[in-house]
Q: 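Pasting a structure below so you can have a look.
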Amino acid sequence: MRATRRTLAALLVLAAAVSCTAAHGDDAEPPHASAVLTPYERLLPAPVSARASGGAGYAFGPGTVIRTGPGPGEEVRRVGELLAEQLRGPSGLPLPVVDGEEGSGDGDGIRLRLDARARELGAEGYRLRTTPSGVTLTAHAPAGLFRGGQTLRQLLPVRGAGEVPGGDVTDTPRFAYRGAMVDIARHHFPVDQVKRYVDQLAQYKINTLHVHLTDDQGWRIAVDSWPRLAAYGGASEVGGGPGGHWTKDEYRDLVAYAARRYVDVVPEIDMPGHVNAALASYAELNCDGKAPERYTGIKVGFSSLCVGEERTYEFIDDVLGELAALTPGRYLHIGGDEAHSTPAADYAAFMDRAQAVVAKHGKTVVAWHQLANARPAPGAVVQYWGTDKTAAAEKAAVATAARSGHPVILSPADRAYLDMKYDKATKPGLAWAGYVPVQRSYSWNPGTHLPDVPESAVLGVEAPLWTETIATRADWELMAFPRLLGIAELGWSPSASLAWPAYRLRLATQSPRLTAQGTAYYRAPEVPWE
Ligand code: TNX
């Protein structure tokens, strides 16, 4: 019975494969990277180890089921259901999700299992094994099953049924923090667009979404105790558009959507600078008691909270308290960059108090690396955004913080900033950190990037997308893709597998997938796209 079903499935797959070949037969396209690399070699980010067994693979087709368990079910079942959703879309297959114990027990299909003894796989690692009877994903924790599921997606044809080649993958991340940031303050974007980004991030194993919620040009999150922030301070953006903001329910919905993909949300309220939208909303936040106009330009460094005024600290306590209550993740980002209108001593005094407020609400501080020149609180994480040209003393302050135990997130602007133009022909974007072509954004080593910041002090990497010049989904995707994939690989893959000549081929094989997903990526000339 089972054999018959398997044969039938294999025949269907074969038929699909033959008709595919026929369709491509008279296509004059030269063979590209995918002709050179086996599916296991195409995986992006590159896994710790992956090899084709040389043996037969698994025919993924109409008979395939996703089996979760045996073992404590609920969460694994949810991972199985999401994977089924992700695979159903492009394949059109039914892919029922069944309990591992049901029916034929350890039968054909895609099996998701937790192994309590597989400690070496950590919080996000997984093993994947493909034989003719199926694909087995094993992990120590549900997040590992989800990450492994994203690997499986890449082993399958972009569309339709097909064969998962026989082989084995064992994989764990190099860095715990692999992030992407989006600035919804300079231009407002709806939650749906950010959810789409979460899906795009998660498929390359990025695990953190940092949302820059407030800036001079707009306040984008509802705060019950200070309602004018969103209602008035949110109703503007760069260029004079209407702006907008997220309700608390919309934010919660995004957090839950991301959590299901094992992506943590880190909200940022930038302070003490980058606050014109707040100052415009409440006169009492200004030292002179006068609210400025709302701002729709792209200058930075002109606004500051009133450091000497107690009301300022009631304000940040209310705002950070409400945000902490909405955010299950451990981090709150308090900005701290470019506070050019706040004298250094005031800046340090302000950051002391802001960090204490974050701690009071049970969260860990993340701040841009200017915090290193003040007094980072125990455990505070500093996010480096300098360039090769950043003064040695500024880098040294980050190294000093790292030496005293502050984890460092690396977002070097001349490599990881997704809003930098690729070259002079790029229409959107800025160029203050120089042009950042795809090769440059990939070609650096987070473990050795900053002098005297050892790999052990590096929490991970993050690719920020600032949106002064980015107002549409098309421009967003043009800037993020494909550079984001390179940052994802730098965060996940072992340093030994990071090399541009091999990476550019792996990247090239992603193009049919990006295209099928409707992602408007930049076809960088240094990549031999399919
Ligand atoms: C610097 S990076 C900023 C942002 C700008 C960005 C534009 C950082 C912490 N501050 O305010 O949007 O450059 O690239």
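Small disclaimer: the values here were computed from a predicted structure and weren't measured. Computed over heavy atoms, backbone and side chain alike; hydrogens, waters and symmetry mates excluded. Atoms within each ligand, like the ligands themselves, are counted from 1 in listed order.
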Q: Below 4.0 Å from ligand 1: does a non-hydrogen atom of Met420 turn up there or not?
A: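 A heavy atom of Met420 does come that close to ligand 1.
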Q: Start with the C-alpha gap between Trp432 and Thr387, add the side-chain angles, then the distance that decides, and say whether side-chain contact (heavy atoms from CB on, under 4.5 Å) holds.
A: CA-CA 10 Å; Trp432 65 262; Thr387 70; 4.1 Å; yes
Q: Any idea which protein heavy atom is nearest atom 5 (C) of ligand 1, and the distance to it?
A: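 In this structure, atom 5 (C) of ligand 1 has Glu468 OE2, 3.3 Å as its nearest protein heavy atom.
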Q: For atom 1 (C) of ligand 1, what's the nearest protein heavy-atom neighbour? Residue, atom name and distance, please.
A: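 Its nearest protein heavy-atom neighbour is Glu338 OE2, 3.4 Å.
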Q: What about Trp368 and His210, are their ring centers closer than 6.0 Å?
A: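 Centroid distance Trp368-His210: below 6.0 Å, so yes.
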Q: Checking Lys395 against Asp452 for the salt bridge (charged side-chain N to carboxylate O under 4.0 Å, His left out) test, could you report, in this order, the C-alpha distance in whole Å, the side-chain angles of both residues, the deciding distance, and whether it holds?
A: CA-CA 9 Å; Lys395 293 180 180 166; Asp452 303 316; over 6 Å; no
Q: Is there any N or O on Trp385 that sits under 3.5 Å from an N or O of ligand 1?
A: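 No, since none of the N or O atoms of Trp385 sits under 3.5 Å from an N or O of ligand 1.
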Q: Does the side chain of Ser341 come under 3.5 Å of the side chain of Ser304 through a donor N or O and an acceptor N or O?
A: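 No, Ser304 and Ser341 have no side-chain donor paired with an acceptor closer than 3.5 Å.
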Q: Whether the Thr151 and Lys205 side chains hold a donor-acceptor pair (N or O, under 3.5 Å, no angle test) is what I'd like checked.
A: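 A donor-acceptor contact under 3.5 Å links the two side chains.
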Q: Considering only heavy atoms of Asp419, which atoms of ligand 1 have at least one such atom less than 4.0 Å away?
A: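 With Asp419 as reference, the close atoms of ligand 1 come out as 7 (C), 14 (O).
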Q: How about Arg153 and Gln150: does a side-chain donor come under 3.5 Å of a side-chain acceptor?
A: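 Checked: Arg153/Gln150 side chains pair up, N/O donor to acceptor below 3.5 Å.
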Q: Between Asp183 and ligand 1, is there a nitrogen or oxygen pair with a distance under 3.5 Å?
A: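 Between Asp183 and ligand 1 (N or O atoms, distance only) the closest approach is not under 3.5 Å.
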Q: Within ligand 1, which atoms have a heavy atom of Tyr417 less than 4.0 Å away?
A: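 Those of ligand 1 that fall under 4.0 Å from Tyr417 are 2 (S), 8 (C), 14 (O).
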Q: Examine ligand 1 and decide if any of its atoms is less than 4.0 Å from a heavy atom belonging to Gln383.
A: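 False for this residue.
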Q: Considering the heavy atoms of Leu430, write down every atom of ligand 1 situated less than 4.0 Å from one of them.
A: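 In order of number, 7 (C), 14 (O).
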Q: Are Tyr295 and Phe302 close enough that their ring centres sit under 6.0 Å apart?
A: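 Yes, close enough.
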Q: Any side-chain donor-acceptor pair under 3.5 Å between Ser441 and Tyr422?
A: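 Side chains of Ser441 and Tyr422: no pair found under 3.5 Å.
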Q: Is the closest N or O pair between Arg186 and ligand 1 shorter than 3.5 Å?
A: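 Indeed, backbone or side chain, Arg186 has an N or O that close.
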Q: Tell me the protein heavy atom at minimum distance from atom 10 (N) of ligand 1, and give that distance in Å.
A: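 Checked against all protein heavy atoms, atom 10 (N) of ligand 1 sits closest to Asp337 OD2, 2.8 Å.
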Q: Going by the order shown, which atoms of ligand 1 are within less than 4.0 Å of some heavy atom of His274?
A: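 With His274 as reference, the close atoms of ligand 1 come out as 11 (O).
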Q: Please test Gln86 against Gln203 for side-chain hydrogen bond (donor to acceptor under 3.5 Å, both in side chains), starting from the C-alpha separation and ending with a verdict.
A: CA-CA 10 Å; Gln86 291 179 326; Gln203 78 174 326; over 6 Å; no
Q: Does any N/O atom on Trp368 come nearer than 3.5 Å to any N/O atom on ligand 1?
A: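 It does not: no N or O of Trp368 is found under 3.5 Å from an N or O of ligand 1.
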